[in-house]
Amino acid sequence: MPTSQTVARPVEDGLTADQLHSFLHQMLFIRRFEEKCGEMYTRGKIRGFLHLYTGQEACAVGSFATLGEQDKIVTHYRDHGHAIARGVDPNRIMAELFGRVDGLSSGRGGSMHLYDTSKGFLGGYAIVAAHLPLAVGLGMAANMKKDNSLAFCVFGDGSVAEGEFHEALNLAALWKTPVIFFCENNLYGMGVPISESLSTEITTLAAAYNMPAVKIDGMDVLDVYRETQKAVEHCRSGQGPYFIEAMTYRYRGHSMADPELYRLKDEVEDARRRDCIARLRTHMQELGLIDDDSFAALQQRVDEEMDEVVAFADASPEPGLDTLFDHVVKESVRA
Amino acid sequence: MPTSQTVARPVEDGLTADQLHSFLHQMLFIRRFEEKCGEMYTRGKIRGFLHLYTGQEACAVGSFATLGEQDKIVTHYRDHGHAIARGVDPNRIMAELFGRVDGLSSGRGGSMHLYDTSKGFLGGYAIVAAHLPLAVGLGMAANMKKDNSLAFCVFGDGSVAEGEFHEALNLAALWKTPVIFFCENNLYGMGVPISESLSTEITTLAAAYNMPAVKIDGMDVLDVYRETQKAVEHCRSGQGPYFIEAMTYRYRGHSMADPELYRLKDEVEDARRRDCIARLRTHMQELGLIDDDSFAALQQRVDEEMDEVVAFADASPEPGLDTLFDHVVKESVRA
Amino acid sequence: MPELRYRDALREALREELIRDDRVFLMGEDIGAYGGSYAVTRGLLDEFGRDRVIDTPIAESGIVGAGIGAAMAGMRPMVELMTINFSFLALDQIVNSAAKLHYMSNGQINVPLVIRMASGGGSQLGATHSHSLEGLYAHFPGLRVVCPSTPADAKGLLKRAFRDENTTIFIEHTALYGMRGEVPDDPDYLIEFGKANVLREGTDVTIVGYSGSTWQAVRAADMLEEQEGISAEVIDLRCLRPLDIDTVIASVKKTNRAVVVEDDWQFGGFAGEISAQLMEQAFDWLDAPVARVCGKDVPLPYNRNLEFAALPSEEDVVEAVLAML
Amino acid sequence: MPELRYRDALREALREELIRDDRVFLMGEDIGAYGGSYAVTRGLLDEFGRDRVIDTPIAESGIVGAGIGAAMAGMRPMVELMTINFSFLALDQIVNSAAKLHYMSNGQINVPLVIRMASGGGSQLGATHSHSLEGLYAHFPGLRVVCPSTPADAKGLLKRAFRDENTTIFIEHTALYGMRGEVPDDPDYLIEFGKANVLREGTDVTIVGYSGSTWQAVRAADMLEEQEGISAEVIDLRCLRPLDIDTVIASVKKTNRAVVVEDDWQFGGFAGEISAQLMEQAFDWLDAPVARVCGKDVPLPYNRNLEFAALPSEEDVVEAVLAML
Ligand SMILES: Cc1ncc(C[n+]2csc(CCOP(=O)(O)OP(=O)(O)O)c2C)c(N)n1
Ligand SMILES: Cc1ncc(C[n+]2csc(CCOP(=O)(O)OP(=O)(O)O)c2C)c(N)n1
Ligand SMILES: [Mg+2]
Ligand SMILES: [Mg+2]
């Protein structure tokens, strides 16, 4: 995970300049990581379904900055950005995408199924909305163990129509489990616009379960940070779940296989004009925290980091065929 | 189905005295039918799971009176009252419960699975909430065929926590299908009170999908009638689905197997004091439509009707073993 | 040894495990105030309180998912789904999360979860409420599938499930809840998974059953002995995954004939797996094709006679044995 | 005869049925604006409009249930579930409503619904996205389970499904969408359900496959002939329910040996059914136990080599044949 340049000045929103630099670095890192993945997919190094996070970086970076080490994260298949923002080793992520032995799961999981329990990163889930009930269970365990942790659950707008969305929100609110439901509304579930997928507003629905539900600007990392902080406080103080709808946009197709017949180029261009990285950069420029040269240096650094990531992944060997049957079940010690 | 005594006087709410008599008769008929079922279960004539509708009669009787012949009904496993209110032959219902050849399904379905397509009675569904999506499909077909029909879908408070509740309400509202979602809130799903099953109010949730959602007195057949009429108008005029929560109470246990550990006798007694039959009777007495003698006569008549019902069922033979493999699939003519 | 009913043996196992390990908790539909639809959990809410015995809404996928999440976070939950018929609604959670997370995470995550449900037809509940899906669950790698046929096994296997690091689909037969039998009161009475039980030794034919069908097998063996002087060996599989096929093979190598009895539909059912494995591993010992005595290929009808005709009976087993001798 | 890809043959079937019968409509996840995740429905929204080609929310149970309701009311819906992996979420609707309503209502109701989905591993999609569940569906009475292996069959069987009065689970193999073949352009080209296809005649061994595994069978037969001079008969089952076992039995009575090839996990899979039926009905003709070449007992891994090792291959089939000769 990228570390931040140190600039010892306090700035707005309780954030230090350090943190802003870190946000910028992380977002840029995720952006490049995803672009690199796209390239590696084209070159056949990555296979299967590949869903890129480009455009949505502010969501993961802004929100995860508010979490503690004890917190548990579950997300969907568009999960590279979340893993990176959580501090999972990008080398091991890329190695996983390459299907190699140094991958997070030694190449067993692939892009849609990333796990790093050492970081409380409990997975990317490829069945839409299936991880929402899991988050409720993580929250139940937190309440039972009184370990002050919360479950942070990321999903897309398209997932809201699934039955498990309803079951999970109801259970979480009913049992007051500490879960932040973080919906990244990028306006589409594959090719279906949210207006054709839901009869109502996402936050209207979420609020109906008796939990706070806010709509925020998911292209503004600072807004995401501020609003998620409130959610974290709410959960930590035992008040139960909290719902955030972050308005965002994905620049690439749904997956690498997407012919993008359902939206116009213009719409994508419009969104790019609100780009989260450009926005933070301008903001930091206004604050005098960064200039063109230092931004270029940062870009350069990220590019170099990316080369290392790819080199690491590529150097890692394929898993042995003799491992095929490992970990189907966990051997259980007789108690 | 019971027919009503003719009293040629118009009364309130656009209802004729005739209709009020019919309501009273129907409710009484259902009440006795259910009591008879309980008795027949104890005598081993009826087996399997048996869920009685006693206490909730006003819901079926008041609401179904607003429907047209073309409308389609789906309900849950507590379905005898709905079938009777829809005009399904009670003889054939009882024969079905006895598992006999003259039963609606020749004894294949049993109490939880009653069907009479000739009446648009498309079934009792024994998997909680599974018929809600079916109602959406019936509504879709109505829109496509433009046959001015609507789907009337009955379910309990306990079903609201199921994922399919959410999926169905969203689809119905999204596609503006003519569906009346009629929730009979009898306060419990088996032994679980609604407060332990749902984090919110049922109508709050339903309204969040962008459809009208009203809470009505399900112990008052006239209130049910009036409010369902509004729903029918709404659906017929192409405005999409409508949600009704009818507050009611079941006098008996969830099923015949229920030890009723979860509620106090007092609570049941309280509910009985608001009994739908007693209430309509008092009301009709005030209107001068009925007196003690004519009510006693009605009771007597219903008792006689019930004897016939049981006699019919009992006289019906068992289905032949040679029918076991009939109707597994429908033979399809090559087009 | 105390004599207990199957349901009481299950309750004893739950009680003991709740006492032993404070990570254990129970949740499910009507397991609390109602006492469980088959009275298995009766009294546990009063004894252990609402934090450890949780009545849930009717939301199968949600509660199984919550169980998985809690298990991932170090708890030892048991989720009761009332009956196997409702488990279709939770199947994605079971198959895609509970069964696969250990493998997909390369061993990082495991899901020590017990999912209990009642199975079986024969109670005139009609087609939606009479499934026997043990074999369906057995198909999925990553799961344990356990289906006890006696009170003692019910206790020993259920306790064993709570000590497992994986998800156990624990399937009880509705017809057995009232059955009595001796049950060890040792709080560490555990029965290993994947050990079939030879309930009765015999030399002429092997009859294989599990859960409820075990008793059809036993009754058939009695009838065969009394009426025909035929000596049948009866094997109760106990677990379908892991499956102890070795015990079955050893028996068939002795008897040279086998019948598999199963409530579930024959077509595409689990009996076919046993049959196929016997052919693969004991072909030269088989004097006759392995016979399957299973449910008929129809949704289960409500009518008693029809339902009876659709389910396997001891008479059917006897007939199958006689046909192969 | 025109040559079409499998996906295009499917599209042609859908188009023709939409034109033929105005009760037919299509709904599903991303079948409209996106064009279908495997491009099967591309262009149909433009041609037939939003009333007949409906993009749905992601709500498998809801849309299958809606399809059932519409079918009950006289429409002829097709619901596309994108892939079979997501069908777990709709399984209750399929099994408890679509498959059983006809029986439970004693013939009053029927559900003429086509449910399409893509199946199969081998694309490195990982364990949650690589199921082969044809056999799971085949287990349930009341359903039709169809799984074409050629463009012509894809068209003829899909059109036939729209003419059926029952629910057809129509399962396509992801690896076949690009396959080319001659396809009749007759708008009434229908292939009857329950007729297996002898793709290649042979005398030494019968290799049985369906859907994708048909082609492993065919390639293995080629290899056996070229490399070993062994003559293999290859049978494509086409439908698992109704199953044409007679064609398989007739073949085995000639060849005296059989191998069943299946992508799905072997344990508790459909190959066991074929194996068991062969034992039951052709025991005396079998010179060796029927062999199963199926998926290994693991969730499918992402890594290419591991995935390949977990799936059956033509080499595995050849090996199985050689082992039994
Ligand atoms: C249960 C289920 N149904 C369908 C799919 C196929 N699918 C994968 S992603 C996706 C769209 C999800 O959209 P959204 O939740 O908005 O997330 P986004 O991709 O926009 O991040 C669909 C339909 C799936 N993976 N799981
Ligand atoms: C999916 C499913 N889960 C559980 C059950 C068992 N069950 C049958 S009825 C019932 C309670 C339903 O309560 P409610 O919807 O309020 O209807 P009521 O019985 O009160 O009329 C339950 C849990 C079921 N039939 N289906
Ligand atoms: Mg989206
Ligand atoms: Mg209720």
Side-chain angles (χ1 to χ4, degrees), chain B residues 72 74 96 103-110 112-118 122-123 125-127 129-145 147 149 151 162-164 166-172 174-175 177 179 319 323 325-335, chain D residues 20-23 25 27 51-52 54 56-75 77 89-90 92-93 95-97 99-113 141-144 159-160 162-167 188 190 192-193 241-242:
Chain B
K72 308 278 185 288
V74 284
E96 183 64 27
L104 292 171
S105 297
S106 215
R108 278 170 147 65
M112 304 195 288
H113 311 107
L114 300 178
Y115 312 88
D116 185 351
T117 53
S118 72
L122 297 188
Y125 289 80
I127 302 297
H131 56 303
L132 277 68
L134 268 55
V136 176
L138 295 169
M140 291 176 82
N143 279 347
M144 289 172 174
K145 295 159 77 177
D147 63 3
S149 71
E162 283 282 8
E164 288 180 301
H166 168 70
E167 297 190 8
L169 265 70
N170 180 44
L171 293 178
L174 189 65
W175 294 338
T177 56
V179 180
T323 64
F325 291 96
D326 295 351
H327 306 300
V328 176
V329 290
K330 180 165 179 176
E331 282 319 309
S332 306
V333 183
R334 202 186 143 120
Chain D
R20 182 186 61 85
D21 185 345
D22 59 17
R23 298 169 306 169
F25 71 96
M27 62 172 158
D51 288 345
R52 302 194 65 200
I54 304 171
T56 68
I58 314 173
E60 287 73 14
S61 202
I63 63 176
V64 168
I68 294 170
M72 286 165 70
M75 303 300 292
L89 293 164
D92 175 71
Q93 288 291 353
V95 167
N96 275 319
S97 292
K100 297 199 177 92
L101 277 168
H102 192 60
Y103 194 81
M104 292 196 298
S105 70
N106 200 38
Q108 293 183 73
I109 296 175
N110 64 303
V111 184
L113 169 67
L143 297 178
R144 314 292 205 172
K159 288 173 68 71
R160 174 64 183 72
F162 277 99
R163 321 279 176 112
D164 205 272
E165 297 293 336
N166 309 283
T167 296
D188 279 317
L190 305 178
E192 267 320 297
F193 287 171
R241 180 181 277 273

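Quick note on labels: first sequence line is chain A, next is B, and so on, each numbered from 1.
When every heavy atom of D:Gly107 is checked against every heavy atom of B:His327, the shortest pair comes out as CA-ND1, 3.6 Å. Closest approach of B:Trp175 to D:Pro57, counting heavy atoms only: CZ2-CD, 3.8 Å. Closest of all the heavy-atom pairs between B:Val328 and D:Pro141 is CG1-CB, 4.0 Å. Heavy atoms only, all atoms of each residue included: D:Met75 and B:Ala141 are closest at CG-CB, 3.7 Å.
Taken to the nearest 0.5 Å, the CG atom of D:Asn106 stands 7.5 Å off from the OG1 atom of B:Thr323. Note: D:Ser61 OG to B:Glu162 CD = 9.0 Å, rounded to the nearest 0.5 Å. Atom NE2 of D:His102 and atom CZ of B:Arg108 lie 9.0 Å apart (nearest 0.5 Å). Once rounded to the nearest 0.5 Å, the distance linking CG of D:Leu101 with OG of B:Ser105 reads 10.0 Å. A distance of 7.5 Å separates CG of D:Asn96 from NE2 of B:His113, quoted to the nearest 0.5 Å.
Proximity to chain D (any heavy atom under 4.5 Å) is restricted, for B:Asn170, to the side chain, taken from C-beta onward. Proximity to chain D (any heavy atom under 4.5 Å) is shown, for B:Ala130, by both the backbone and the side chain. Proximity to chain B is limited to the side chain of D:Gln93, based on heavy atoms less than 4.5 angstrom apart. The contact between D:Ser97 and chain B is made entirely by side chain atoms (from C-beta outward), counting heavy-atom distances below 4.5 Å. D:Thr167 does not touch chain B: none of its heavy atoms, backbone or side chain, sits under 4.5 Å away. Contact annotation for B:Leu114: neither backbone nor side-chain heavy atoms come within less than 4.5 Å of a heavy atom of chain D. For D:Phe25, the part lying under 4.5 angstrom from a heavy atom of chain B is the side chain only. The contact between B:Leu122 and chain D is made by backbone and side chain atoms together, counting heavy-atom distances below 4.5 Å. In this structure, the portion of B:Ile127 lying under 4.5 Å from any heavy atom of chain D is its side chain and not its backbone.
At distances below 3.5 Å, not a single donor-acceptor pair connects side-chain atoms of B:Glu167 with backbone N or O atoms of D:Ile63. B:Lys145 places no side-chain N or O within donor-acceptor distance of the main-chain N or O of D:Arg23, the cut-off being under 3.5 Å. Judged by distance alone, the side chain of D:Gln108 and the main-chain N or O of B:Thr117 form a donor-acceptor pair under 3.5 Å. For D:Asn166 (side chain) and B:Val329 (main-chain N/O), no donor-acceptor pair under 3.5 Å exists by modelled atom type.
When the salt bridge (Lys or Arg N to Asp or Glu O under 4.0 Å) test is applied to D:Asp164, the partners found at least two apart in sequence or on another chain are D:Arg144, D:Arg160.
Of the residues considered (B:Val74, B:Leu174, B:Leu171, B:Leu132), B:Leu171 shows the highest number of contacts with chain D, using heavy-atom pairs under 4.5 Å. Per-residue heavy-atom pair counts under 4.5 Å with chain B were compared for D:Gly74, D:Pro112, D:Pro77, D:Ala73, and the maximum is reached by D:Ala73. Per-residue counts of heavy-atom pairs under 4.5 Å with chain B were compared for D:Ala71, D:Gly62, D:Gly69, D:Gly67; the largest is that of D:Gly69.
Residues B:Pro133 and D:Ile68 are not in side-chain contact: their nearest non-hydrogen atoms beyond the backbone lie 4.5 Å or more apart.
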*Going through the distances and angles, do D:Tyr103 and B:Lys330 end up as a side-chain contact (heavy atoms from CB on, under 4.5 Å)?*
CA-CA 9 Å; D:Tyr103 194 81; B:Lys330 180 165 179 176; over 6 Å; no
